[in-house]
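Below: one structure, written as structure tokens.
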Amino acid sequence: MESLSSLLDGFGTALTPLNLLWAAVGVLLGTAIGVLPGIGPAMAVALLLPVTYGLDPVGAFIMFAGIYYGGMFGGSTTSILLNTPGESAAVVTAIEGNPMAKSGRGAQALAAAAIGHFAGGMIGTILLVALAPTVASLAVDIGAPDYFAIMVLAFIAVTSVLGSSRVRGFAALLIGLTIGLVGLDQMTGQQRLTFGSLQLSDGIDVVIVAVGLFAIGEALWVAAHVHKSPGESIPVGRPWLDGSDLRRTWKPWLRGPVIGFPFGAIPAGGAEIPTFLSYVTEKRLSRHKKEFGKGAIEGVAGPESASSASAAGTMVSLLTLGLPTTAVAAVMLAAFQQYGIQPGPLLFEREPELVWGLIASLFIGMVLLLVLNLPLAPVWAKLLRIPRPYLYAGILFFAAVGAYAVGGEAVDMVILLVIGVIGLMMRRFGLPVLPAIIGVILGPNAEQQLRRALQISDGSVTGLVNTPFSVTVYVVIALLLAWPLLRRLAGRGRPQGSGPGGGGSDGPAADGDGGGDGDTAAGKEDAKV
């Protein structure tokens with residue numbers, strides 16, 4: 001009842017005319033940026049983050065929530081229309097959504113995705129209201145060893161659970177941790193990796209890193225491959241679902257949050273795993289298995305609902321523990337820090353108006369998203385006709401303006417370019433971007449918690465494992481690291497062709513090409529996932 005009362009107060013904050021306007025603007029801007037090919041929610045949030053700097057914190061985060069969900073919906077639109085997922089979580093949507101679009105059912109695919117986002121987000125946010133205060137109250141008793149263990153779990157989960165190569169994941173994490181070291185040591189005041197530059201003494205702003213790795217790296221990659229022919233836009237028409245479509249989609253819409261929310265709430269890498277699990281689940285439960293790979297609407301509805309619920313679950317770990325488990329959450333954490341706010345167990349006590357206003361705005365943002373974007377789907381399709389040279393020139397312009405707005409220093413532009421080149425090289429060699437962002441965000445905090453834990457234990461390593469919670473987390477980490485080896489050993493002992501799925505034929509990779517036209521880095525990385 002206390003959470004319900006706080007939520008009602010949050011609605012009182014979010015439903016003021018000005019904050020309602022910011023929510024609508026955020027939804028429109030997020031969708032407009034996210035709907036462009038090769039641009040996912042993370043890049044949309046990073047590009048539009050400087051727009052919120054002039055607002056008060058409550059209005060800024062209400063607008064930010066609209067940008068978040070609008071960018072997610074836009075990424076699925078791109079995936080369906082152009083077979084170009086803006087992020088790895090949208091790969092599964094491309095597997096079934098793009099064949100639907102090619103067969104003239106793009107309207108139905110977009111409608112299934114939009115309603116799936118609405119249903120999954122609503123259920124996920126309700127769970128967020130119910131669970132977040134409890135998690136926050138329990139997190140107050142977590143000490144430095146426990147926090148360090150959780151951060152190590154986040155590092156391991158993001159780098160090893162996702163992607164096709166653990167080595168590349170850990171290499172990307174190392175890049176992020178190295179960038180996070182730039183600046184002054186928080187405890188000794190010594191300069192690290194500043195090369196004698198006073199401008200680098202304060203470190204590299206996370207917003208500049210996010211914009212550089214996502215926007216600049218992507219633009220440089222596309223410029224290097226501009227000789228390839230751009231994808232043709234596909235007319236959408238008026239989105240609607242008939243009775244047979246509704247009968248096939250309402251159960252996937254409800255099953256998606258059951259799979260998506262838990263994966264978002266724990267440091268397990270975001271929405272990629274639950275979307276794949278949702279796809280496999282819907283394929284096994286569907287009465288239309290032969291349509292999978294050719295445009296089964298269940299393969300759009302379930303994963304999209306799981307993805308949206310996972311985004312709501314991500315807010316649990318972000319608000320209560322200060323842990324970003326996705327790239328979008330990492331940029332959002334940077335936004336909190338820009339306002340001098342540190343998410344964590346005490347956030348619900350220190351900033352109740354901000355927190356509950358933000359949670360209430362999630363409900364409002366999803367309603368606005370559904371109301372505005374269903375009739376505007378043909379407009380988003382027309383945006384896809386923008387020639388890629390003009391599109392990415394605009395991205396470079398907004399990225400440069402955003403980076404300069406962070407600190408007002410010309411050196412930030414140089415840093416942005418250097419980070420962008422690093423992002424280009426990461427795409428060239430297949431390194432995922434998310435571990436690098438997580439490394440930049442959590443690296444300094446993990447170092448600080450490690451040193452605190454060692455100081456408390458007088459330098460003894462046993463001080464890192466002196467609580468039941470930290471021991472449990474390290475056991476989970478060991479299982480994550482050992483799971484591929486155990487699975488390989490179990491596979492050797494099983495006769496070839498036996499086991500569930502007949503050797504994995506039910507997996508999503510067997511039914512599609514993984515999405516992506518190969519012309520964007522996001523598509524290449526997503527196909528590997």
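For clarity, every value in this text was computed on a predicted model and none was experimentally measured. Numbers for residues simply follow the sequence, beginning at 1.
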* **Glu304 backbone acceptor or donor facing Ser307 side chain under 3.5 Å** => no

* Asked: Just by distance, do the side chain of Asn19 and the backbone of Thr13 share a donor-acceptor pair under 3.5 Å?
  -> yes

* Structure fact -> Ala360 and Ala14 have their tightest heavy-atom pair at CB-CB, 4.1 Å

* Asked: Could you walk me through whether Trp356 and Leu8 pass the side-chain contact (heavy atoms from CB on, under 4.5 Å) check?
  -> CA-CA 8 Å; Trp356 289 107; Leu8 292 177; over 6 Å; no

* Go through the steps for Leu368 and Tyr69 under the test side-chain contact (heavy atoms from CB on, under 4.5 Å), then give the verdict. => CA-CA 10 Å; Leu368 291 174; Tyr69 280 101; over 6 Å; no

* Leu319 side, atom CG; Leu333 side, atom CG - distance, nearest 0.5 Å -> 10.0 Å

* To do: Taking all non-hydrogen atoms of both residues into account, name the closest pair between Val300 and Ala109 and its distance.
  => CG1-O, 3.7 Å

* Asked: Under the 3.5 angstrom rule, does the side chain of Thr125 hit a backbone N or O of Gly121 as a donor-acceptor pair?
  -> yes

* Structure fact -> Between the CG atom in Leu370 and the NE2 atom in His117, the distance rounded to the nearest 0.5 Å is 11.0 Å

* Structure fact -> Correct closest heavy-atom pair for Gly217 and Arg427 would be O-CD, 3.8 Å

* Asked: Just how far is it from atom CG of Leu220 to atom CD1 of Ile422, taken to the nearest 0.5 Å?
  -> 12.0 Å

* Does Thr314 reach the main-chain N or O of Ser310 with its side chain, forming a donor-acceptor pair under 3.5 Å? -> yes

* To do: Output the distance between atom CD1 (Ile419) and atom CD1 (Ile179), rounded to the nearest 0.5 Å.
  => 4.0 Å

* From Ile216 CD1 over to Leu396 CG, what is the distance, rounded to the nearest 0.5 angstrom? -> 5.0 Å

* Heavy-atom pair with the smallest gap, counting every atom of Ser278 and Pro303 -> OG-N, 3.3 Å

* To do: Could you tell me which non-hydrogen atom of Gly180 sits nearest to which non-hydrogen atom of Pro444, and how far apart they are?
  => O-CG, 3.7 Å

* Kindly indicate, with the supporting measurements, whether the criterion side-chain contact (heavy atoms from CB on, under 4.5 Å) is fulfilled by Leu7 and Phe11. => CA-CA 6 Å; Leu7 180 62; Phe11 273 109; 3.7 Å; yes

* **Identified side-chain contact (heavy atoms from CB on, under 4.5 Å) counterpart of Val367 within the set Val371, Leu369, Ile364** => Val371

* Asked: How long is the span from the CD1 atom in Ile359 to the CD1 atom in Ile126, to the nearest 0.5 Å?
  -> 12.5 Å

* Asked: Are more than 12 heavy atoms from other residues, nucleotides or ligands located less than 6.0 Å from atom CH2 of Trp22?
  -> no

* Asked: Which pair of non-hydrogen atoms, one from Ala65 and one from Leu362, has the smallest distance, and what is that distance?
  -> CB-CD2, 3.6 Å

* **Donor-acceptor under 3.5 Å (Ser305 side chain, Gly302 main chain)** => no

* Parallel, tilted or perpendicular, as decided by the 30° and 60° cut-offs, for the rings of Phe61 and Phe336 -> parallel

